[in-house]
Every structure is written in C-alpha cells, then in structure tokens.
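Residue numbers start from 1 in every chain, and the chains themselves are labelled A, B, ... in the order their sequence lines are given, proteins ahead of strands.
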Amino acid sequence: MLQHKQSFDTFVNTQLNPQQKIAVTAKDGSFLVIAGAGSGKTRVITARITNLILNHQVQPSSIIALTFTNKAAQEMQHRIAQFLPDLRIKPTIATFHAYCLKLLKKNAYLQNAAQFSVIDAADAQKLLQSIIKEKGLEKLFNAKQLLSFFSTFKMNDVLKLDAPAWNMHHAQQFTELYNAYEQQKKLSNYLDFDDLLYNTFELFTKNPEFATQHLKNHRHLLVDEYQDTNLIQHALLKQMTLQNKKLTIDSVCAVGDEDQSIYSWRGANVANILEFATEFAGTKKIKLEQNYRSTQQILNVANSVIKHNVNRNHKELWSDNPKKHEPLLLECLSDLQEASLIAQLINLCKEAKSSIAILYRTHYQSRIIEEALIKASIAYKMIGGISFYERKEIKDLLAYLRLTLNPHDRISFFRIINCPARGLGEKFEETFVNLWNQNPFSTWQEVAKMLLEQKQLAQKQATSLEQFLTFFDVAKKEKDQKKVCEILNHFIKQTNYLTYLTDHFEKIEAEEKRENIAEFLRAAAYFDENNQGGLSQFLDEISLMQDLIKQDDSATERVNMMTLHSAKGLEFNIVILVGLEEGLLPSNQSIGQENVEEERRLFYVGITRAREKLLISYSKYRNVFGKLDEQRPSRFLREIPASAVLHQEAAHWSKTSFATFFQEWITGEKNATTQKISIVSTTPETTSTFSTNIKRLQSVKHATFGLGIAHQVEQKGDKIVVTVHFTHHGTKKIESSFLQVV
DNA sequence: TGAGCTGGTTTTTTT
DNA sequence: AACCAGCTCA
Ligand SMILES: Nc1ncnc2c1ncn2[C@@H]1O[C@H](COP(=O)(O)OP(=O)(O)OP(=O)(O)O)[C@@H](O)[C@H]1O
C-alpha cells in the first residue's frame, strides 16, 4: 500500500495539471469538471477515487462511481486497478442500471416483489407486440417506437413533470396498451431497464428511512459522462446526495462534455450538466483545456467539424503533443473495397492489434468488415451487437431456468412451451392464456393442471403438457441444493434440445449454437465452483451481463470493432472511422428529425478517440438491403479543410499500389521499403484475373446497363464471366468482352 | 400443428 | 441479403 501511495503521489505531482489536481485532491464538496474530449476528465475521476482511498483513508466501499455504459465502467475499473492493483474491497463502479439492479435485488423485501427478472429490449418488444396484436392494433402501433414513447411517458409520469402534449391520434389506445404492458410485466414479475431506475427512485421517495439508512454508507459519489444522464438519473443523483439543498454526503463530483452528448434519443438531457452548479450550491467548477490524448492534427479535424454545431459554447481543443501524423481521408469504390482495404492496412500496422479500433455508426456495417478481417486472418473483438445472452439458444435455456424459480413468468413460459416443438402451438397457447387470464395469480403449473382436468385437450397435447410439467417437478425439488450446471443439463437432456438444434438449423448454425451451449455450461460450472447461492444468484448475476467473461480474452491481441456510441470514453492509437456517408453518418433518421447536430457530435467523439493515427473512409457505392446504392459523402467531410487531411481516392488502385501508399502513410515516410512490400502483398487471388484486365471491385461499364462494380470474375469454359453490381440495373453476370474497364 | 412458401420489410445508437 | 408475418398444405 505504501509503495502504491508513493508512486501515486508522484503521479499526482507530475501527471496532473493544476486544475486536475484541485479536482483530485480536494476531499469534500461538490465538483463539476467540464472539459473537451481527451482533456483528462476520466483521469480526474480515477485519480480522485485513488486519492480518497490513499490520502484521506476513505473506505473504498463508501465510494460510488457511476457511468453510463458498461464499457465505460470496465475502463474505469481497469484504470483504478492500475493505481491500486491489490485493493481487496473495491469501490463501487457501475452503470446507473447495474447500481439500481443491485440495490433492488438486495432490498427486494421492501418491494414485495421477491424474484423479479430484468426483461431485455427484445423480449419487451415481443411482449408489447403480442399485446398490440391481441388488441388488434397492429396497423396503428409499432412496438419498438411505442416502447420509446412509453419510456418518455413514464418519465414524465414518475417525475410529475408537465405532461407533454400527447397530441397523438390514438391517445386512448395508447393508454390502454401502456397499462396492459405494465400489467403484464407485473404479472410475470419483470422489470424493464427503465423500471430499474424508476423503482429505485420511488423506493427512495416512499421510504425515506430506507433511503437514509442505505445512503449512510455512501460518502463520495462520482459520475462520468454527465452530459448523457437523463432526467431520472439526474433526479436519482439528487436523492442520493441532497436534502434541503444541502449535501448529505461528503462529496459529489460530476464530469462531462456537452460536445459529447450522444444519447438524447434515450432521454439524455444536456441541461443536467448546465444546471448542476445551480442545484449543488457552492459547486467548484473546473475547466480543463489541454488535450493529452491526440496529436494536434487530429484535434484540428475535430475542431473544424464540431464548430459547425450552432447549439454549443465555443471551445477549441489544443495539445502540445509533439507527435505528428497526417489524418487520412479515403474514398473507396464500394463497401467491399472499404472493408478489404482496412483489413490490409491493419495487416501492415506494426501496432498491437488492441490499440486499433474500427468504429461505425450502426451494427450492420460491422458485418462486411468482419468478413474482410476473417479473410485476412486478423483477430478482432466485437463490442455490442448481439451479445451472448441475447442468443436464441441461450435465451431458451435461460427461460427454462427462470421458469423453475418463477412460476409466474409468462414471458419465459410462452417462450419455451413449444420450443423445442412438442405439439403445443398457437391454438394451445391461446387456450392457455385465456385460462391464465381468468386466474391471473395462479402459477403456470396450476393453470396447466386446470387445463388437464378440463379434459378438452387432444390426447397428444395432454401427454405433451404432462411431460413438460415433469421436467420442472424434478428440477424444482432440488433447485437450491443442485448445481446450476446440473439443472441446465437436466433441461438440455429432457427437452432433447441438442437434437432440436440439429433438426431445425443449418449444419453450421446448429454447430455454433451447440458450442454456445457448451460455453454456457462451462460458465455455469465455473459459477458453481465459486458461489453458494445456486440458481437464483446465478440468474441475478447474469441479468445485466452482456457477455461471458472468457479467460483467454486478454491473451490474444485483437482489433476492436464497435459503434461510435460504445467508443465513448475510450482511446486507441489508431482509429478507423468507416462509412462517412449521407444516410449513415448523419443517419437518414437524424436528417428527417433535424437532429444532425447530434450526429456531428458522434463524428466528433469518433475522431477524438484517436491518439496518433486517424483514418476516415467512405464509399461511393454500398450494398443497402441487398442492392447496390450510390452513396454521397457525408456533409461533415466538407467541414474539414482540405489542408487538414490527406484526401486519397482508392477506387482505381491495384492492390500493390495501396500497399505502398498505406505503408508510407503508416510510417509517415515517403518511399519506405516500397519494393519489398509490393511483393509481399501480391496475393494470388487478385492476380488470377485470367486473360481480362477486370479485377474484383473494379468499376466497369456496359453499353446498355451503364456503370457498375465487378464483384466476381470467373472462368466458364473459354469465357470469362463477371458478376457485376450495376448502379441502376441490379446484379448481372456478363461476359467480360461486353465490359469496359473505367 | 408445423413445415414450407411467399411477399413485404428491414437498419440507428444502449441499459 | 436476411428476416418475419401470414398463408397453404400434409
Ligand atoms: N495531466 C495529464 N498529463 C498527461 N496525460 C494526461 C493528463 N491527463 C490525462 N492524460 C491522458 O490523456 C488521455 C485522455 O484522458 P481521459 O481519458 O481522462 O480524458 P477524458 O477527458 O475523459 O476524455 P473523453 O471525454 O474523450 O473520454 C489519457 O490517455 C490520459 O491518460
């Protein structure tokens, strides 16, 4: 500890600027750090936590740091572990949601809701969709949109804000659906993501004694990325720290940057950060100006873009970083070329793979890049997208587990009653729902027995249902003593789940699913070895988890792939921003909603993730919904002065020429080992173009079909057939002699 | 009931 | 291209 203290004190004295030092070393009071990207806000938070522990003897357990995304929480834990590697009791570093989940679980008795589970977005959508359908309103409402309306509606309701104008056409049906959705969640004992925050808020409001008792242990609170808190989170923070406008804890410290506010669509409110100082009287405001992350050239690009936002306070990032490297703006012919160029660039990089990130606006863009990386044998790590616990096979098995513990869980019940198929389909479901609705507080077993007693089921169905019941008889009896992995195995065997996979999915897909299940079993076994709490603890622990924690994860160096949203708060030596095109960034929807400023902030966040090298790319053509569309470069690119980037067109390059070019860009030197590289990078695949000069991804012209891109060149007999994606005429196979290279 | 077919739709972003 | 809701047929 002492050794850590000494090195930390040196750190404070040499690695923090005077402003940061104030925010780090002051013990009590309220602090607000407003500063641009890469100016050391997160460093303030992590150093502040460490300083409280090492120099003020604060109990780590009384420190709470809240973040917005899981990734940000992980990053912060990681940074603190660097200062305090062998801290036994760790400060709480969690997302708002995780913090609330833990609080509610721990104090479930106060809510007379013992075993609630968290419903994820997909299930919530499914549930709402089924309600909409039941009421015959599918023409009027879209479940996904409606859920986000519900979210706003509930926020106004709970916080008793002025009701927004619900000038929607079908207000009555809206309310009806809302109530039905809330009721269904209640019956099944589910909370959705928003509920985690609301229920905590209401628990604090309605039970002040509990609040006081619980909050007594919180002495220091820190919030990262405050610009992205929504009203309920803001309200929660105030509950946790203020009473009669006076601080009830020792310190509160919020950091943020209005230019990085990118979550307005989920209710984030920049006003929260602007009002912080008024709400917390005596707040010490700290401004950080210098950027320590990026080269000045990268910051120039960032500054030139963000200054086009009208709604902001002027701020200019600067750095005295002596390193220099010119950002590259790359125009590609197609999304395919973009992906393969990136893969090849990465292969030329000497850098550790984990210090490279590929960032995109939407998840679906990752797919084509992923394929290119696989082809180039580059290890990668994808963050977000469909997580492990969102996979069908895992959710199915989880439903079996949940149903053992919570016999009121309708969502799980209907998920698995006919999966694997056992002849209890739609009709059966309907009968079952009706009976259940007549006896809403019965367990599914009670309803099932009632149904069997009515003797109206076909013999086959009755047998099926009886069998289904027995799966759970066995499981339930010993659920607490039994190991999770045994219960899991029990269900897999009883339901013949593996056979179901083989029968109902393509070979490769079934194999993948089986592997996931094996992985899941391993995770369960690992849990059993390290915990006593059995199934209920297991389910609680994974309720907000996204991915399995794999041991070999840090062993191999991997390129990072993630959306711009999940990249917030992170940094990488090399950042590759792809798809800078109208409709992608800014997204089509944002253009329609006139919310382009948020997209610009998103771009700004992306640019400012880079420490040394920045590559921005866009394509002229892109596959959208299965057909090739012409794309226009993003409007944001026009905001970057020509002198700030090296603008390079790659459309007509041959593979060897960009190897040379990339090598020069990476090293920052002209005519590096040009020759050697071109030999290395000439792969047989590209040279095998038979006797035509048409290559993959080359643009070609046809007399009647016009312009297009060659996607495949094959020899058929003595002819060469080229698969061309035409700009206006779809995909066609054309003999090469009818095509002209352009 | 469940498999297979058809035709319409799809893609923001996270907890 | 991939997915789903809705339909038909065994
Ligand atoms: N005073 C300092 N001296 C040198 N390096 C610093 C200093 N403060 C921060 N850094 C470094 O600068 C980089 C950016 O810091 P940090 O991640 O804390 O910034 P941030 O303000 O949280 O950025 P963002 O808002 O973009 O997430 C980090 O690599 C950090 O280690």
query: A:Glu75 pairs by side chain to side chain donor-acceptor pair (under 3.5 Å) with which of A:Arg79, A:Lys71, A:His78?
result: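 Result: among A:Arg79, A:Lys71, A:His78, A:Arg79 is the only option passing the side chain to side chain donor-acceptor pair (under 3.5 Å) with A:Glu75.
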- prompt: Centroid-to-centroid, A:Trp444 to A:Phe414, below 6.0 Å?
  reply: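 So the answer is no for these two rings.
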message: If you take the centroid of each ring, where Trp contributes its six-membered ring, are A:Tyr181 and A:Phe150 closer together than 6.0 Å?
response: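 Yes; A:Tyr181 has its ring centre under 6.0 Å from that of A:Phe150.
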query: Do other residues, nucleotides or ligands put more than 12 heavy atoms under 6.0 Å from the NZ atom of A:Lys186?
result: no
Find the distance [X]:[atom1] to [N]:[atom2] and express it as a whole number of Å.
{"X": "A:His504", "N": "B:dG2", "atom1": "NE2", "atom2": "P", "value": "9 Å"}
{"X": "A:Lys627", "N": "C:dA2", "atom1": "NZ", "atom2": "P", "value": "16 Å"}
{"X": "A:Glu426", "N": "C:dC7", "atom1": "CD", "atom2": "C1'", "value": "11 Å"}
{"X": "A:Gln129", "N": "C:dC3", "atom1": "CD", "atom2": "C1'", "value": "14 Å"}
{"X": "A:Gln125", "N": "C:dA5", "atom1": "CD", "atom2": "C1'", "value": "14 Å"}

message: One character per nucleotide, please: for nucleotides 7-15 of chain B, 5' to 3', B when the base has a protein heavy atom closer than 4.0 Å, S when only the sugar-phosphate does, - otherwise.
response: ---BBBBBB
- prompt: Have A:Asn272 and A:Thr229 got a donor and an acceptor in their side chains that come within less than 3.5 Å?
  reply: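 Yes, side-chain donor-acceptor contact under 3.5 Å.
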Touch check for [X], heavy atoms < 4.0 angstrom, all strands: base, sugar-phosphate only, or nothing?
{"X": "A:Arg601", "result": "nothing"}
{"X": "A:Lys460", "result": "nothing"}
{"X": "A:Asp120", "result": "nothing"}

- prompt: Taking the six-membered ring for Trp, are A:His218 and A:Tyr99 parallel (under 30°), tilted (30 to 60°) or perpendicular (over 60°)?
  reply: perpendicular
message: With a 4.0 Å limit, can you tell me whether A:Lys133 has a side-chain N or O closer than that to the phosphate oxygens OP1/OP2 of C:dG6?
response: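 Answer yes for this pair, as a side-chain N or O of A:Lys133 is under 4.0 Å from OP1 or OP2.
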